[in-house]
K.L.:
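Let me begin by handing over the structure; questions about it come next.
Here is how names work: the chains are called A, B, and so on, in the same order as the sequence lines, proteins then strands, and each is numbered from 1.
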Protein chains: 2
Amino acid sequence: MKLAKAQIAQFSAICEALSDEDDDLKRGILAHAGNRWSLGVVYTLGTRGTLRHAELIRALPKITQRMLTLTLRRLERDGLISRHDYQQKTPHPRVEYGLTTLGESMLLNMLPLWNWIIENSAAFRQSRDDFAARELG
Amino acid sequence: MKLAKAQIAQFSAICEALSDEDDDLKRGILAHAGNRWSLGVVYTLGTRGTLRHAELIRALPKITQRMLTLTLRRLERDGLISRHDYQQKTPHPRVEYGLTTLGESMLLNMLPLWNWIIENSAAFRQSRDDFAARELG
DNA sequence: CGGAATCCCACGAGATACTG
DNA sequence: CAGTATCTCGTGGGATTCCG
(Lines give C-alpha, C1' and ligand atoms only; values in the text may rest on other atoms or scores of the structure.)
Protein backbone atom coordinates (compact mmCIF):
# COMPACT_ATOMS: atom_id res chain seq x y z
CA MET A 1 0.00 0.00 0.00
CA LYS A 2 1.12 3.49 -0.74
CA LEU A 3 -0.45 6.71 0.44
CA ALA A 4 -2.21 8.67 -2.27
CA LYS A 5 -1.23 12.25 -3.02
CA ALA A 6 -4.57 13.55 -1.82
CA GLN A 7 -4.06 11.78 1.48
CA ILE A 8 -0.57 13.17 1.88
CA ALA A 9 -1.93 16.65 1.29
CA GLN A 10 -4.54 16.10 3.96
CA PHE A 11 -1.93 14.86 6.39
CA SER A 12 0.20 17.91 5.68
CA ALA A 13 -2.65 20.23 6.49
CA ILE A 14 -3.41 18.33 9.66
CA CYS A 15 0.16 18.18 10.83
CA GLU A 16 0.50 21.89 10.28
CA ALA A 17 -2.61 22.44 12.36
CA LEU A 18 -1.30 20.13 15.05
CA SER A 19 1.97 22.07 15.22
CA ASP A 20 0.63 25.55 15.66
CA GLU A 21 0.54 27.68 18.77
CA ASP A 22 -2.31 25.63 20.24
CA ASP A 23 -0.16 22.53 20.11
CA ASP A 24 -0.45 21.88 23.82
CA LEU A 25 -4.22 22.21 23.82
CA LYS A 26 -4.73 19.80 20.94
CA ARG A 27 -2.33 17.24 22.31
CA GLY A 28 -4.11 17.59 25.61
CA ILE A 29 -7.34 16.56 23.95
CA LEU A 30 -5.60 13.74 22.16
CA ALA A 31 -4.37 12.59 25.55
CA HIS A 32 -7.92 11.56 26.48
CA ALA A 33 -7.60 8.87 23.84
CA GLY A 34 -4.63 7.35 25.60
CA ASN A 35 -5.71 7.81 29.20
CA ARG A 36 -6.42 4.82 31.37
CA TRP A 37 -10.02 5.68 32.25
CA SER A 38 -11.28 8.42 29.94
CA LEU A 39 -12.51 6.01 27.30
CA GLY A 40 -14.38 3.88 29.83
CA VAL A 41 -16.08 6.90 31.37
CA VAL A 42 -17.03 8.46 28.03
CA TYR A 43 -18.23 5.14 26.67
CA THR A 44 -20.31 4.40 29.78
CA LEU A 45 -21.95 7.81 29.80
CA GLY A 46 -22.51 7.59 26.05
CA THR A 47 -24.27 4.25 26.10
CA ARG A 48 -26.09 4.48 29.44
CA GLY A 49 -26.87 8.17 29.67
CA THR A 50 -26.61 10.41 32.71
CA LEU A 51 -25.11 8.72 35.75
CA ARG A 52 -24.11 9.55 39.29
CA HIS A 53 -20.64 9.21 40.77
CA ALA A 54 -21.47 5.97 42.58
CA GLU A 55 -23.12 4.50 39.49
CA LEU A 56 -19.96 5.11 37.49
CA ILE A 57 -17.92 3.42 40.20
CA ARG A 58 -20.14 0.35 39.88
CA ALA A 59 -20.00 0.45 36.08
CA LEU A 60 -16.19 0.50 36.12
CA PRO A 61 -15.35 -1.97 38.87
CA LYS A 62 -11.59 -1.50 38.78
CA ILE A 63 -11.50 2.28 38.90
CA THR A 64 -10.64 3.95 42.17
CA GLN A 65 -12.74 6.77 43.50
CA ARG A 66 -9.81 9.15 43.17
CA MET A 67 -9.15 8.31 39.53
CA LEU A 68 -12.84 8.65 38.69
CA THR A 69 -12.91 12.13 40.18
CA LEU A 70 -9.73 13.16 38.35
CA THR A 71 -10.97 11.73 35.06
CA LEU A 72 -14.34 13.43 35.37
CA ARG A 73 -12.69 16.79 36.11
CA ARG A 74 -10.42 16.58 33.09
CA LEU A 75 -13.28 15.58 30.79
CA GLU A 76 -15.45 18.35 32.18
CA ARG A 77 -12.66 20.89 31.77
CA ASP A 78 -12.41 20.03 28.07
CA GLY A 79 -16.17 20.17 27.54
CA LEU A 80 -16.66 16.47 26.88
CA ILE A 81 -18.95 15.83 29.82
CA SER A 82 -21.26 18.00 31.86
CA ARG A 83 -21.63 17.98 35.63
CA HIS A 84 -24.89 18.81 37.33
CA ASP A 85 -24.88 19.33 41.08
CA TYR A 86 -28.38 19.31 42.55
CA GLN A 87 -27.04 21.17 45.61
CA GLN A 88 -28.85 18.67 47.75
CA LYS A 89 -27.45 17.50 51.07
CA THR A 90 -30.26 15.37 52.42
CA PRO A 91 -30.60 12.51 52.39
CA HIS A 92 -27.44 12.51 50.32
CA PRO A 93 -25.54 14.75 47.93
CA ARG A 94 -26.66 14.30 44.33
CA VAL A 95 -24.36 14.98 41.38
CA GLU A 96 -24.98 13.71 37.87
CA TYR A 97 -22.66 13.45 34.90
CA GLY A 98 -23.58 13.23 31.24
CA LEU A 99 -21.93 13.37 27.84
CA THR A 100 -22.05 16.69 26.03
CA THR A 101 -22.60 16.91 22.29
CA LEU A 102 -18.86 17.36 22.00
CA GLY A 103 -18.32 14.19 24.01
CA GLU A 104 -20.66 12.20 21.82
CA SER A 105 -18.87 13.39 18.71
CA MET A 106 -15.57 12.30 20.22
CA LEU A 107 -16.97 8.83 20.75
CA LEU A 108 -18.01 8.68 17.11
CA ASN A 109 -14.66 9.90 15.86
CA MET A 110 -12.77 7.40 17.96
CA LEU A 111 -14.55 4.50 16.29
CA PRO A 112 -12.19 4.05 13.31
CA LEU A 113 -9.15 3.95 15.56
CA TRP A 114 -10.73 1.49 17.99
CA ASN A 115 -11.87 -0.78 15.21
CA TRP A 116 -8.44 -0.64 13.64
CA ILE A 117 -6.79 -1.67 16.89
CA ILE A 118 -9.20 -4.54 17.47
CA GLU A 119 -8.88 -5.79 13.91
CA ASN A 120 -5.11 -5.80 14.09
CA SER A 121 -4.54 -6.91 17.65
CA ALA A 122 -3.22 -10.27 16.51
CA ALA A 123 -0.64 -8.48 14.37
CA PHE A 124 0.43 -6.36 17.32
CA ARG A 125 0.82 -9.40 19.53
CA GLN A 126 2.85 -11.14 16.83
CA SER A 127 5.02 -8.09 16.31
CA ARG A 128 5.78 -7.75 20.00
CA ASP A 129 6.67 -11.41 20.28
CA ASP A 130 8.96 -11.21 17.26
CA PHE A 131 10.60 -8.10 18.64
CA ALA A 132 11.21 -9.72 22.01
CA ALA A 133 12.65 -12.80 20.31
CA ARG A 134 14.99 -10.67 18.20
CA GLU A 135 16.26 -8.91 21.31
CA LEU A 136 17.23 -12.24 22.86
CA GLY A 137 18.65 -14.00 19.81
CA MET B 1 -27.69 14.72 19.29
CA LYS B 2 -28.41 11.30 20.65
CA LEU B 3 -26.54 8.14 19.87
CA ALA B 4 -28.46 5.70 17.70
CA LYS B 5 -29.12 2.17 18.87
CA ALA B 6 -26.91 0.71 16.17
CA GLN B 7 -24.06 2.92 17.33
CA ILE B 8 -24.54 1.91 20.93
CA ALA B 9 -24.39 -1.74 19.91
CA GLN B 10 -21.16 -1.09 18.07
CA PHE B 11 -19.69 0.65 21.07
CA SER B 12 -20.70 -2.25 23.28
CA ALA B 13 -18.89 -4.70 21.05
CA ILE B 14 -15.83 -2.50 20.95
CA CYS B 15 -15.75 -1.90 24.66
CA GLU B 16 -16.02 -5.60 25.29
CA ALA B 17 -13.09 -6.16 22.96
CA LEU B 18 -11.12 -3.42 24.65
CA SER B 19 -11.71 -5.01 28.05
CA ASP B 20 -10.59 -8.53 27.34
CA GLU B 21 -7.41 -10.27 28.39
CA ASP B 22 -5.38 -8.34 25.82
CA ASP B 23 -6.42 -5.09 27.44
CA ASP B 24 -2.85 -4.01 28.10
CA LEU B 25 -1.75 -4.67 24.55
CA LYS B 26 -4.58 -2.68 22.98
CA ARG B 27 -4.21 0.23 25.32
CA GLY B 28 -0.51 0.13 24.57
CA ILE B 29 -1.26 0.65 20.90
CA LEU B 30 -3.74 3.38 21.73
CA ALA B 31 -0.96 5.05 23.68
CA HIS B 32 0.85 5.84 20.44
CA ALA B 33 -1.98 8.23 19.68
CA GLY B 34 -1.28 10.19 22.83
CA ASN B 35 2.50 10.11 22.81
CA ARG B 36 4.49 13.27 22.36
CA TRP B 37 6.43 12.21 19.25
CA SER B 38 4.81 9.10 17.76
CA LEU B 39 2.44 11.05 15.56
CA GLY B 40 5.19 13.26 14.19
CA VAL B 41 7.43 10.32 13.39
CA VAL B 42 4.66 8.28 11.78
CA TYR B 43 3.41 11.27 9.84
CA THR B 44 6.90 12.18 8.62
CA LEU B 45 7.71 8.65 7.49
CA GLY B 46 4.27 8.37 5.90
CA THR B 47 4.52 11.50 3.82
CA ARG B 48 8.23 11.52 3.03
CA GLY B 49 9.02 7.82 2.82
CA THR B 50 12.06 6.03 4.18
CA LEU B 51 14.37 8.22 6.23
CA ARG B 52 17.53 7.92 8.26
CA HIS B 53 17.92 8.77 11.92
CA ALA B 54 19.58 12.12 11.24
CA GLU B 55 16.99 13.03 8.63
CA LEU B 56 14.21 12.49 11.15
CA ILE B 57 16.06 14.68 13.64
CA ARG B 58 16.12 17.45 11.04
CA ALA B 59 12.45 16.89 10.14
CA LEU B 60 11.39 17.23 13.79
CA PRO B 61 13.57 20.07 15.04
CA LYS B 62 12.48 19.94 18.66
CA ILE B 63 12.91 16.22 19.24
CA THR B 64 15.96 15.02 21.13
CA GLN B 65 18.06 12.16 19.93
CA ARG B 66 17.07 10.08 22.92
CA MET B 67 13.34 10.56 22.40
CA LEU B 68 13.64 9.78 18.71
CA THR B 69 15.39 6.50 19.49
CA LEU B 70 12.83 5.59 22.15
CA THR B 71 9.90 6.48 19.89
CA LEU B 72 11.34 4.51 16.98
CA ARG B 73 11.87 1.44 19.19
CA ARG B 74 8.32 1.48 20.48
CA LEU B 75 6.86 1.93 17.01
CA GLU B 76 9.08 -0.84 15.66
CA ARG B 77 8.13 -3.16 18.52
CA ASP B 78 4.45 -2.74 17.63
CA GLY B 79 5.03 -3.30 13.92
CA LEU B 80 4.19 0.24 12.82
CA ILE B 81 7.60 1.04 11.37
CA SER B 82 10.41 -1.08 9.98
CA ARG B 83 14.11 -0.62 10.66
CA HIS B 84 16.75 -1.52 8.11
CA ASP B 85 20.37 -1.56 9.22
CA TYR B 86 22.79 -1.69 6.29
CA GLN B 87 25.50 -3.00 8.64
CA GLN B 88 27.82 -0.43 7.19
CA LYS B 89 30.48 1.30 9.28
CA THR B 90 32.36 3.30 6.68
CA PRO B 91 32.16 6.08 5.97
CA HIS B 92 29.27 6.12 8.44
CA PRO B 93 26.67 3.77 9.88
CA ARG B 94 23.51 3.66 7.80
CA VAL B 95 20.11 2.82 9.28
CA GLU B 96 16.81 3.57 7.58
CA TYR B 97 13.30 3.68 8.93
CA GLY B 98 10.04 3.34 7.02
CA LEU B 99 6.34 2.93 7.68
CA THR B 100 4.96 -0.59 7.46
CA THR B 101 1.56 -1.32 5.95
CA LEU B 102 0.25 -1.45 9.50
CA GLY B 103 1.72 1.97 10.18
CA GLU B 104 0.12 3.46 7.08
CA SER B 105 -3.25 2.07 8.09
CA MET B 106 -2.85 3.63 11.52
CA LEU B 107 -2.26 7.00 9.90
CA LEU B 108 -5.46 6.61 7.89
CA ASN B 109 -7.50 5.54 10.90
CA MET B 110 -6.25 8.45 12.96
CA LEU B 111 -7.60 10.95 10.45
CA PRO B 112 -11.15 11.25 11.85
CA LEU B 113 -9.88 11.90 15.36
CA TRP B 114 -7.35 14.49 14.21
CA ASN B 115 -9.89 16.28 12.09
CA TRP B 116 -12.35 16.26 14.95
CA ILE B 117 -9.81 17.83 17.28
CA ILE B 118 -8.85 20.52 14.78
CA GLU B 119 -12.45 21.35 13.95
CA ASN B 120 -13.34 21.72 17.61
CA SER B 121 -10.21 23.31 18.98
CA ALA B 122 -11.99 26.61 19.51
CA ALA B 123 -14.60 24.82 21.60
CA PHE B 124 -11.89 23.20 23.72
CA ARG B 125 -10.18 26.51 24.29
CA GLN B 126 -13.50 28.07 25.26
CA SER B 127 -14.34 25.21 27.59
CA ARG B 128 -11.01 25.40 29.36
CA ASP B 129 -11.33 29.13 29.83
CA ASP B 130 -14.85 28.77 31.21
CA PHE B 131 -13.73 26.04 33.54
CA ALA B 132 -10.84 28.09 34.84
CA ALA B 133 -13.18 31.06 35.36
CA ARG B 134 -15.64 28.91 37.28
CA GLU B 135 -12.88 27.69 39.57
CA LEU B 136 -12.02 31.25 40.49
CA GLY B 137 -15.51 32.69 40.79
C1' DC C 1 26.10 8.60 12.02
C1' DG C 2 23.37 6.16 15.22
C1' DG C 3 23.07 5.44 19.10
C1' DA C 4 23.70 4.16 24.76
C1' DA C 5 24.32 5.90 29.69
C1' DT C 6 23.13 8.87 33.26
C1' DC C 7 20.53 12.26 35.83
C1' DC C 8 16.48 14.80 36.47
C1' DC C 9 11.57 16.29 36.72
C1' DA C 10 6.42 16.02 35.94
C1' DC C 11 2.50 13.51 36.04
C1' DG C 12 -0.68 9.52 35.60
C1' DA C 13 -2.14 6.16 38.55
C1' DG C 14 -2.92 2.94 42.65
C1' DA C 15 -3.76 2.40 47.78
C1' DT C 16 -5.53 4.07 51.82
C1' DA C 17 -7.71 7.06 55.09
C1' DC C 18 -10.69 10.82 56.17
C1' DT C 19 -14.89 14.38 55.65
C1' DG C 20 -19.31 17.29 55.04
C1' DC D 1 -22.91 10.08 48.46
C1' DA D 2 -19.33 12.64 46.56
C1' DG D 3 -15.71 13.82 47.19
C1' DT D 4 -10.25 15.48 49.64
C1' DA D 5 -5.79 14.44 51.41
C1' DT D 6 -1.42 11.76 51.48
C1' DC D 7 1.88 8.69 50.03
C1' DT D 8 4.11 5.95 46.73
C1' DC D 9 5.53 4.20 42.37
C1' DG D 10 6.32 3.79 37.33
C1' DT D 11 7.06 5.91 33.14
C1' DG D 12 7.19 9.63 29.60
C1' DG D 13 10.11 13.06 28.49
C1' DG D 14 14.12 16.64 28.56
C1' DA D 15 19.32 17.64 29.02
C1' DT D 16 23.76 16.28 28.75
C1' DT D 17 27.71 13.33 27.99
C1' DC D 18 30.10 9.59 25.87
C1' DC D 19 31.12 5.81 22.21
C1' DG D 20 32.24 2.71 17.96
K.L.:
Taking salt bridge (charged side-chain N to carboxylate O under 4.0 Å, His left out) as the test, write out the residues that go with B:E119, two or more places apart.
P.N.:
none
K.L.:
For a 4.0 angstrom threshold against heavy atoms of chain B, report the outermost contacting nucleotides of DNA chain C in 5' to 3' order.
P.N.:
C:dC1 to C:dT6
K.L.:
Whole angstroms only, please: what is the CD-P distance between B:E135 and D:dT4?
P.N.:
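Distance, rounded to whole Å: 10 Å.
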K.L.:
Could you list by number each residue of residues 67-82 of chain A showing a heavy-atom separation from DNA chain D of less than 4.0 Å, or answer none if no residue does?
P.N.:
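Residues of residues 67-82 of chain A that come under 4.0 Å of DNA chain D are, in numerical order, A:T69, A:R73.
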K.L.:
Taking protein heavy atoms under 4.0 Å as touching, what does nucleotides 15-20 of chain D look like 5' to 3' if B marks base contact, S marks sugar-phosphate-only contact and - marks none?
P.N.:
B----B
K.L.:
Between the opening five pairs and the closing five pairs of the helix from C:dC1-D:dG20 to C:dG20-D:dC1, how far apart are the helix axes, to 10°?
P.N.:
40°
K.L.:
Do A:F124 and B:L102 have side chains that get closer than 4.5 Å, going by heavy atoms?
P.N.:
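Yes, close enough: below the 4.5 Å cut-off.
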K.L.:
For B:T44, give me all partners under side chain to side chain contact (heavy atoms under 4.5 Å, CB included), at least two apart in sequence or on another chain.
P.N.:
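B:T44 satisfies side chain to side chain contact (heavy atoms under 4.5 Å, CB included) with B:R48, B:L51, B:L56, B:A59, B:L60 only.
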K.L.:
A:W37: which residues meet the ring pair (Phe, Tyr, Trp, His ring centres under 6.0 Å) condition with it, sequence neighbours left out?
P.N.:
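Here no residue qualifies.
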K.L.:
Atom CZ of A:R83 to atom P of D:dA2: distance rounded to whole Å?
P.N.:
10 Å
K.L.:
Quick one: list whatever passes side chain to side chain contact (heavy atoms under 4.5 Å, CB included) with B:R83, sequence neighbours left out.
P.N.:
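B:R73, B:E76, B:D85, B:V95, B:Y97.
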K.L.:
Could you list the residues that satisfy side chain to side chain contact (heavy atoms under 4.5 Å, CB included) with B:Q65, not counting sequence neighbours?
P.N.:
B:H53, B:I57, B:T69
K.L.:
Please enumerate all residues that pass side-chain hydrogen bond (donor to acceptor under 3.5 Å, both in side chains) together with B:R58, with sequence neighbours excluded.
P.N.:
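With neighbours one apart ignored, the set is empty.
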K.L.:
Would you please name every residue forming a salt bridge (charged side-chain N to carboxylate O under 4.0 Å, His left out) with B:R66, sequence neighbours left out?
P.N.:
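Here no residue qualifies.
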K.L.:
Nearest whole Å is fine: how far is D:dA2 P from A:Q87 CD?
P.N.:
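To the nearest whole Å, that distance equals 13 Å.
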K.L.:
With A:E135, which residues qualify under side chain to side chain contact (heavy atoms under 4.5 Å, CB included), at least two apart?
P.N.:
A:F131
